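Presented below is the structure to which this report refers.
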Amino acid sequence: MLDLSEEAAKLGRQIDKKRDDLRGRTMINLFFEASTRTQSSFELAGKRLGADVMNMAIPTSSIKKGETLIDTAVTLNAMRPDLLVVRHHAAGAVELLSQKVDCSVINAGDGSHEHPTQALLDALTIRRHKNKIQGLIVAICGDILHSRVARSNIILLNTLGARVRVIAPSTLLGAGIERLGVEVYTDMREGLADADIVMMLRLQRERMVSSLIPSQREYFHFFGLDYDKLACAKPDALIMHPGPMNRGVEIDSNVADDTRSVIREQVEMGVAVRIAVLQALARNLPNR
Amino acid sequence: MPTHDDHHPQHRPLALVNARLIDPATGLDAFGGLLISGGVIADLGMHITEGAVEGAEFLDCGGRTVAPGLIDMMVFAGEPGHEHRETLATASRAAAAGGVTTILCMPNTDPVIDDVALVDFILRRARDTALVHVHPMAAMTRDLKGEEMAEIGLLREAGAIAFTNGKTSVDNARLMRNVLSYANDFGALVVHHLEDATLAQDGVMNEGEIATRLGLRGIPTAAETIVLERDLRLVELTGARYHAGQISCRASLDVIRVAKERGLPVTCGVSINHLTLNENDIGSYRTFFKMKPPLRAEADRRAMVDGVANGDIDVIVSAHDPRGAEGKRRPFAEANDGAVGLETLLGASLRLYHNGEVSLHRLLEALSANPAKLLGLGGGRLARGAPADLVLIDLEMPWTVEPEQLRSKSKNTPFDGARLEGRALVTFVAGRPVYHYG
């Protein structure tokens, strides 16, 4: 998949970016939760492959009017799409939906569970810079508890042979996290020691309301990525962030724009990975 | 209560012969027969054989087991207010088919059973529509809100058999103390749900590795044990009788054991789900396994089984909680809690017997004799003069749980497709057969 994504990345830098893998196919972006970059990169990926792409943003309010996820799925299924790209605020919702429709379903993030294409684009970005993933020390820092990005990255990077660490205050780690094959740190400097990759996660402000952390400034003091803490990592460590960033909350603004930061490249690779995923699926779509 | 017989001339006595009689109340396990007359057990023993009793009908049990009908202390019937999920009539048919002859229905209805008129309604609806005995439990706080004490004395007089706060704990310790003291004046049992609402907040399954992997919020076992420990201090303070409706973890069991050793008037129950299933069964977000308390780790399940085996856990309940597709076919975090269980209670319990984990005597004690004792009911025993609430059980019969075959209106069983061994063949309520297998 990463090799396929490399090809797609080249496509993105050509003048003619259009292919016809998905010509005649209908792809629906079904987003129950707002998203800018994931939705737009799926849209772009679908269009570059020639699909007819429809974006459906479903605000939570209309769900609360009574139509269940299943009803929505069945309704959309009746429109005979070939591909559904789904983001939902509840863990497991995308899998549930996939059981009720007969087209291909791509998980664009389900609650705190998984965000597989994000993990793929992160792995691609890492491999492009380090030429390997095996043996690298990857430190994932921040709100592990609520992060689907963290979960998908833990699974994928472990599979690819990286040494994965998680760094967060205990209140943001999640019970049993050590059994997911990661080394657990509650001290940023210790956790960053010798890291090849520093992957920051977004802190959602509502976490403070539920008393998981006392304040933004305290969080930044202990867990925000600044030059001081970054100095513990390897000198050529990559700085990553799935976005959107809270500058000054989990990451110092200058660090975010540092030459070692690959945050913008992650976005570019996001399109490439999604093209690759769609291409892989296109080969197996039924010709009914 | 079924009184259909009132309209008929006196039935002929019925003799169940050639049976294995098991009475968990006395430990009796003997071959013989049992004579039913006038709705009660008229006689039992070796001498009840075919032809020995003049004028009686006979049922040859073929050596199968006759035991007291099961008494299920936790059933969410849905009537009034949620009749689309279950009515007292459908719940009672499910009960009869499962060998359950008495159900206690929970006050989580709409409106809540916190008023004399509602207790009366349940009793009348049960009399008119139900096949088995139905006893309403009433809310111990108004509208189950945990703010003001309900009219416990009046509710008790009207026929409420016990008091509970439904699926929530009373978090106000002073109120809980007063409820315990006051209910005790009326000899009423308080059955409490154990979950610290703040600790369990947003939680949808057991806290731990699996919840973390699934990205679901967890509920730590401490949410249960903290409330239990507080309650036991209040029991000590008030001297009131107290029953923990369901425990689900080893830590709670340890706390109960110590309290019992100290002589506190404390008992506890466990659901059949927590004895036979664990958090792994949730797999990839299977909402039929979402319940309160949540299914716990395997070590906790094993502790629950041991607790039943050694008598530290007094009662097994079905926690029968019918939920429609509209509540279950949702993302896990948004789906309803609860599982139906009346029809599978006996068969699933017998798994523990067939595995050699719990003796038949203990199982039946937790399913009938102990609830009867706790609630002051006449059933739960095989004795002359006791109500003829009985179940004829084939301990070995294999069967597969097929949801569409269930009598409950709702089919949310976690035992979908499960192969069980042993089931009720005939169920008698007040001497009257209310269910025949096949």
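Keep in mind the model is a prediction, meaning the values are calculated, not measured.
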Review point. Short question: side chain of B/Asn412, backbone of B/Asp321 - any donor-acceptor pair under 3.5 Å?
Key: yes
Check your understanding: In terms of heavy-atom pairs under 4.5 Å with chain A, which of B/Ala333, B/Pro220, B/Ala325, B/Ser284 leads?
Key -> B/Ser284
Review point. Given that the side chain runs from C-beta out, which part of A/Arg151 has a heavy atom under 4.5 Å from chain B: side chain, backbone, both or neither?
Key: side chain
Revision key, fill the gap. The interface call for A/Leu180 against chain B, heavy-atom contacts under 4.5 Å, is both
Exercise for review: Identify the residues of residues 194-212 of chain B whose heavy atoms come closer than 4.5 Å to a heavy atom of chain A, ordered by number, or report 'none'.
Suggested key: B/Glu207, B/Gly208, B/Glu209, B/Thr212
Exercise for review: Take B/Phe76 and B/His82, measure what ring pair (Phe, Tyr, Trp, His ring centres under 6.0 Å) needs, and give me the verdict at the end.
Suggested key: CA-CA 10 Å; B/Phe76 297 87; B/His82 307 296; over 10 Å; no
Point to revise | B/Arg330 side chain to B/Glu326 backbone, donor-acceptor under 3.5 Å | key: yes
Practice item. Please say whether the positively charged group of A/Arg87, taken as NZ for Lys or CZ for Arg, lies over the ring of A/Phe31, i.e. under 6.0 angstrom from the six-membered ring centre and within 45 degrees of the axis. Key: no
Review point. Can A/Arg202 and A/Glu250 be counted as an ion pair, charged N to O under 4.0 angstrom?
Key: no
Point to revise | Under 3.5 Å donor-acceptor, A/Lys100 side chain and A/Ala73 backbone | key: no
Exercise for review: Examine distances only and state if a side-chain atom of B/Ser318 and a backbone atom of B/Gly341 form a donor-acceptor pair shorter than 3.5 Å.
Suggested key: no
